[in-house]
Amino acid sequence: MPDVTTSTETFGFRSKYAKDRYARMGKDALANTLGPMPVEEFLLAFLPCGDDVLSRMPPSANAFDDVKGGRKEPDIYLPLQQIKALNEDKNPANPRGSRTDDYFLDPPSGVTSFDTWTFVLGRYDDADNGSHDKALENLGQSVRYAALVCARQYRNFCFSLTLAGEIARFIRWDHAGAIVSEAFSILAEPELLCEFFWRFAHVSDSARGYDLTVSTATVEEERRFHEAIKLHVKLQLPRDDPRSFEEGVEMHYMPGFVASVILSVLSDDGATTSTRKVFVSRPLTFPFSTSGRGTRAYWAVELGQDPSEDRTYALKDTWRLVGLEGHIREREGDVLLDLHRHAVPNIPPLVGHGDVPLISRIGDTEPRPDQLGAIVVQETVTDKYLDRWWVCGLRTGIQRGVARRIHYRMLLGVAGLDLMHISGSEELLRGAFDAFLALRGAHDLAHRLHRDINPGNIILYWDNTNKSGRRIRRGYLIDWDQSSGLTARYDEYGYYPSLAWLFLSYRVANGSVEYHKLTDDMESFLYVVLYCGLLRLPHDLRPGNILWIMRCMLGQSEEKEAEGNVPVTVGGRGKAANHSTRMYTQSIVWGCPGMQAWITAVCDFLSPNSDTPPARLGKWNTPDFEEFWRTFLENTTLSFGDCVNHIAAAPKRLTRSAPPTATGKSHQATASVGSKRRASSPPPQSPPKAKRPRFDPKMEAHGPESASSSSHVDAHSSNLLAARQRRPATAFAAPLSYATVPPSSYTADAAYDSQEDSETEPIEDLRVSDETVADANPQASSSVPRQAGKKTTTADASGSTAGLAHQQTGVLGTMHGSKR
């Protein structure tokens, strides 16, 4: 069964209330969270420092005694903000806080089988008076904050600190999943938290998670980027409209946020590598989760010797899946080259592609070789810990969500707009037909299935080849990284592909098949045209009816437990109902009669019923379907320029559940890392006597070390005992600096359906004003990280505290407890 749990954030019309989004993201995290990793191993593996650095760490005793572990969030973060006690404990019955706000549960010392221990949400019973749902929401909240940090910055990974009263944990997030440390008390063992920040303050930008192949553009480079974007927007617009032009430029450019990106390009034979530099600003696509592909797409400008030689391309920045051991996954660029070799039509030209190298500092263009001379690339780390003895839970369930990924970039020769940016009915059906020709050509000529047909994967591009006199752009079928051979199982590469749920065929959505067929992709075209038409073309439906079709027909789903107690999504009952009764598609009266005729005919081809004309029976195959569609476009008058935006004019009942793809809002520009100066280190301190050991790397009681564990993981173990001896245990005097944002009075207006009439939770809004970016959250949004001694903040849309950041680099922190 394909993995579809996160894809609905891009196209789906589910609740956008913060708590509902958190619950969905918490469920996603169940399949890719590893723990509990011993704290000392976590520090040594992910924040390595030399003995000289650690010997200068100030003493740490009593550093956090003012955090009394209160059950309210302010009881936790206000003392941290001041680094001294501001409030007495408000809960005498629980003077040291409670572990029950911690959504992880470490196995006790007597547990011998970690495979059966539930580490994530293990302390909660599903029927325990809502506590399980609240814990799931808290987990999803942490996922969400980490996802926003990684999406708003060019990062390979990030760190989190979670606090439940006095109980703390460290989390490392990357695109394979998350690794969570053991719990520890910041009152009993303050040296662990202090050492974390000390190490973090002294490691390189690369070790903190920044992608150093990206840097801030100069003023002149930004000016030329802006001019090139304006020229390309004017070329690609279907009509000359000043307002559309301004919106088009804003979609791709944000002043002050232009970055240069290094692209490592492989030669055609794969033997040599060269580098190219392009400039980007606002992304067209936005990742909603920390794990997975994390795809961002940009219009990218490559500067020539003079402005007349500047070229605009499409850049795809993603984390390609390598698969589990023994499974090799093709790179998307190699797939495109193969499609071009077979002369498949309407495939975008490939300009260059390659894995992203790991470089040591900003400005370097040469990748770093390893000891054998091979290029070191940016890749995930979580997958390397799957076989560690401390990993809890059924391995089959975890392996479903954790797999190795490598950072990958691809430059395409067509920089266009997706199918949601149609000019009208004619461009919708013609652009979709162009993509269908690519689908059929890939199947018949290159023996390949696309498997992920959705509006974002069909690009409209004006290339001056249309001679009809109307500005109808050509459709290209992109995003072939989920494609496969004709007989591939969904889990052939050791994982399940992530597909767009709303556009899956009924057969695939039902979860009863393991193979994809060409007819499944053909059916997806019906749902793509229906989706775009409902949101962008004239019809008689009211907003509530649009939402009804989006949720009940296209988006209908339910969860069931699969192997390893990991929930999977199944559905498709709404699509099946429309197959037999046309209850959804017949309820629509389209402004363009041609749209009505096309949808009726395709439904008849797909699933004949008693009203289907005999001439349409037995025609659900590619030759007959192509002949119908081609003849239809030749003989049918379709409206040109009849595009409307139903979301923009809709009441809040619809807009609050609409995804960014439907609203047309521009995404926040991705922030690059600029030059940074470090604060001088504190004077050396004499390390006092070490505290008791908490972890013995030689311990075998919990299970044998896996022979397949990565070498760099095992290499850390031999140094863990020595690391313990370096940890001081007296007074800590490092100048930590934190800040928080006071709770906002913003709440949601009237709920958008009967089940949410009593809700007061805020709806998340990913749009951030320039002032907020520049002033309130420079660490997460500015191209130059804030220097030492400055306060940084991360907050959600409601203004409630989302984190506390260490002075030099934005470690994300979350505190869990009662908010009032």
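Positions are given from 1, in the same order as the sequence printed here.
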message = Rounded to the nearest 0.5 Å, what separates atom CG in Leu429 from atom CG in Asp434?
response = 11.0 Å

task = Classify the side-chain pair Glu332/Tyr408 by whether it contains a donor and acceptor separated by less than 3.5 Å.
result = no

query = Phe625 vs Trp629 aromatic rings, parallel, tilted or perpendicular, using cut-offs 30° and 60°?
reply = tilted

inquiry  = What I want to find out is whether Arg405 reaches Asp383 closely enough, with some N-O distance under 4.0 Å, to be called a salt bridge.
reply    = no

ask   = Going by the angle between their ring planes, with limits at 30° and 60°, are His407 and Trp319 parallel, tilted or perpendicular?
value = parallel

request  = Would you give the length of the straight line joining atom SG of Cys643 to atom CE of Met420, rounded to the nearest 0.5 angstrom?
outcome  = 8.5 Å

request  = State whether a side-chain donor-acceptor pair under 3.5 Å links Ser524 with Asp521.
outcome  = no

query = Any Lys/Arg nitrogen of Asp520 or Lys517 sitting under 4.0 Å from an Asp/Glu carboxylate oxygen of the other?
reply = no

request  = State, without any angle test, whether Ser483 and Arg448 hold a side-chain donor-acceptor pair at a distance under 3.5 Å.
outcome  = yes

ask   = Just checking, any donor-acceptor pair under 3.5 angstrom between side chains of Ser425 and Asp642?
value = yes

key: Cationic N near anionic O, under 4.0 Å, Asp28 to Arg144   = no

message = For Leu518 and Leu439: C-alpha separation, side-chain torsions, deciding distance, then whether side chain to side chain contact (heavy atoms under 4.5 Å, CB included) applies.
response = CA-CA 8 Å; Leu518 180 61; Leu439 176 75; 3.8 Å; yes

Residues Glu227 and Arg223 bridged, charged N to O under 4.0 Å = no

ask   = Under 4.0 Å between a Lys/Arg side-chain N and an Asp/Glu carboxylate O for Arg473 and Glu427?
value = yes

inquiry  = Checking Tyr313 against Arg311: is there a side-chain donor and acceptor pair closer than 3.5 Å?
reply    = no

query = With a 4.0 Å cut-off, would you call Glu302 and Lys277 a salt bridge?
reply = no

